[in-house]
Amino acid sequence: MTFEKDFLMGAATAAHQVEGNNIHSDYWAQEHMVHTDFLEPSGEAVDHYHRYDEDIRLMADAGLNAYRFSIEWARIEPQEGCFDEAQIAHYRDVIHACKSKGIEPIVTLLHFTSPKWLISKGGWESDETPGYFARYTRYVMEQLGGELRYVCTINEANMGIQVAAIAKRYMQQMMAKMQAGKTGDDKTDGTVQMGLNLEKMMANQQAAEKERMEVFGVAKTECFTSPRTAHGDEIVLEAHKAARAVIREVAPHVRLGLTLSLHDIQAQPGGEENAEKEWAEEFTHYLPAIEGDDFLGVQNYTRTRIGAEGSLPTPEGAELTQMDYEFYPQALENVIRRVARDFKGDLLVTENGIATDDDSRRAAFIKAALSGVKACIDDGIPVKGYMYWSLLDNFEWQKGYSMTFGLIAVDRGTQQRSPKPSLTLLGQYI
Ligand code: GCO
């Protein structure tokens with residue numbers, strides 16, 4: 001199985017997860033709070049900020065022809081209205097390192113992290129944010145737009161809504177557990193497998209709010225991946241549309257889109273209505289905002305089974321990844337086919353991958369996922385590229401460095417790179 005020469009076959013990263021020392025970002029501040037949700041701080045990450053040329057060389061040597069990476073807003077605009085030319089020069093060097101090695105750069109303008117000052121001004125629930133994002137986009141595209149052909153405005157625009165849904169489910173389970181404790185009824189749904197110390201949780205909540213006030217000047221930090229309200233979801237889409245208008249004006253040759261986190265949602269008997277609702281919330285309601293785009297970035301990792309009561313646990317005995325996702329590479333083809341029914345532009349798989357310490361399972365995952373992509377293309381669906389997540393083992397947000405997604409392993413003590421056999425495998429498809 002091989003893909004056409006112009007098919008974009010590559011890997012993806014995000015600035016905060018690989019570069020190191022993203023000190024002006026909201027995530028960096030949160031990682032260093034007493035009341036942090038992070039297992040460990042990102043620190044030096046895998047020093048991609050300084051080692052990008054070597055990492056891009058490893059991709060090119062393996063035969064890959066595309067690299068999706070993000071430009072870090074907190075580096076470009078560390079203080080509101082102050083733009084750092086040295087950082088633009090850095091990302092220009094990264095773009096040149098790609099193009100000099102025959103690698104197409106695919107740039108993401110926002111990949112979860114924001115400048116700390118934006119959060120102090122209300123972050124992703126503030127009506128001012130689309131204007132700030134458009135101004136940042138204008139600065140970057142005026143400087144670098146001439147060197148780029150593909151731009152993702154916002155990574156996983158639907159993540160905040162997904163986090164809000166999970167948070168709501170969790171709170172409902174905790175309240176049920178608490179209620180059961182009060183009434184002595186032990187028939188709770190049992191899905192909150194934990195002893196709850198609500199008094200301590202409430203005390204922590206107040207202390208955490210106090211610390212957020214000290215660090216950010218606000219008690220509630222509306223980061224991009226905080227639980228998003230319906231109004232906040234509109235703000236994210238306004239930011240995308242404002243950035244799109246700027247890119248159309250400043251760099252009209254660029255092909256642009258946003259990316260969405262999409263699950264292969266499978267209704268089990270009795271779950272049909274819930275499954276439709278979940279798909280509408282995760283995908284369909286974004287369609288009007290992306291109608292004017294050139295492509296949609298599809299990001300998929302596994303399937304979700306939905307029953308009459310909502311999401312179901314992974315099937316008994318299923319193979320699981322480090323993230324506790326079901327090993328289910330065929331999800332990607334299912335999602336592509338479902339998206340293509342309603343979105344008529346090009347599709348780019350901007351993330352698909354597996355967290356595992358067994359690279360032979362990564363190879364099996366990639367083979368199965370790509371055979372699904374090829375079947376879609378053979379049926380006329382315009383899939384233009386596949387970016388494996390991730391090029392490097394990296395900082396998996398609140399889980400820290402415990403998850404290994406990379407095609408390349410990194411010894412963070414020495415920052416030495418060790419390409420895995422799966423990197424060579426991916427390059428063989430082009
Ligand atoms: C996401 C982000 C990546 C993650 C990846 C693995 O989709 O959440 O784009 O930053 O690291 O998905 O969870």
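Quantities reported herein were computed from a predicted structural model and do not represent experimental measurements. Just follow the structure's listing: the first ligand is 1, and inside any ligand the first atom is 1.
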Would Lys384 and Phe295 count as a cation-pi pair here, with the cationic atom under 6.0 angstrom from the ring centre and within 45° of the axis?
no
Do you see a donor-acceptor pair shorter than 3.5 Å between the side chains of Asp233 and Tyr286?
yes
Run the numbers for me: atoms of ligand 1, each under 4.0 Å from some heavy atom of Gln299, listed by number.
7 (O), 9 (O)
Using a 4.0 Å heavy-atom threshold (strictly under), name the region of Glu156 that reaches ligand 1: side chain, backbone, both or neither.
side chain
So if I count the atoms of ligand 1 from 1 in the order they appear, which ones are less than 4.0 Å from some heavy atom of Phe112?
1 (C), 2 (C), 8 (O)
State whether the number of non-hydrogen atoms from other residues, nucleotides or ligands found under 6.0 Å of Glu272 atom CD is greater than 12.
yes
Looking at ligand 1, would Met403 count as a contact under a 4.0 Å heavy-atom criterion?
no
Contacting atoms of ligand 1, where contact means under 4.0 angstrom from a heavy atom of Met323
13 (O)
A student checking ligand 1 against Phe405 at a 4.0 Å heavy-atom cut-off should list atoms 6 (C), 13 (O)
Mark yes when over 12 heavy atoms from residues, nucleotides or ligands other than Lys99 sit less than 6.0 Å from its NZ; otherwise mark no.
yes
Where do Tyr301 and Trp389 land on the ring pair (Phe, Tyr, Trp, His ring centres under 6.0 Å) test, with the steps shown first?
CA-CA 9 Å; Tyr301 290 87; Trp389 181 273; 7.7 Å; no
Give a yes or no on this: more than 12 heavy atoms of other residues, nucleotides or ligands lie within 6.0 Å of atom CE of Met1.
yes
Sub-3.5 Å N/O-N/O distance, Tyr325 and ligand 1
no
Under the 6.0 Å and 45° cation-pi test, does Arg338 pair with Phe283?
no
Honestly, for Asn155 the part within reach of ligand 1 (heavy atoms, under 4.0 Å) is side chain
Tyr386 versus Leu426, closest heavy-atom pair with distance:
CE2-CD1, 4.0 Å
Taking 4.0 angstrom as the limit and counting only heavy atoms of Gln17, give me the atoms of ligand 1 inside it, by number and element.
3 (C), 10 (O), 11 (O)
Just need the protein heavy atom nearest to atom 9 (O) of ligand 1, so name the residue and atom and give the distance.
Glu351 OE2, 2.5 Å
Atom 5 (C) of ligand 1: nearest protein contact (heavy atom, Å)
Tyr301 OH, 3.3 Å
Of all protein heavy atoms, the one nearest atom 11 (O) of ligand 1 is Glu396 OE1, 2.6 Å
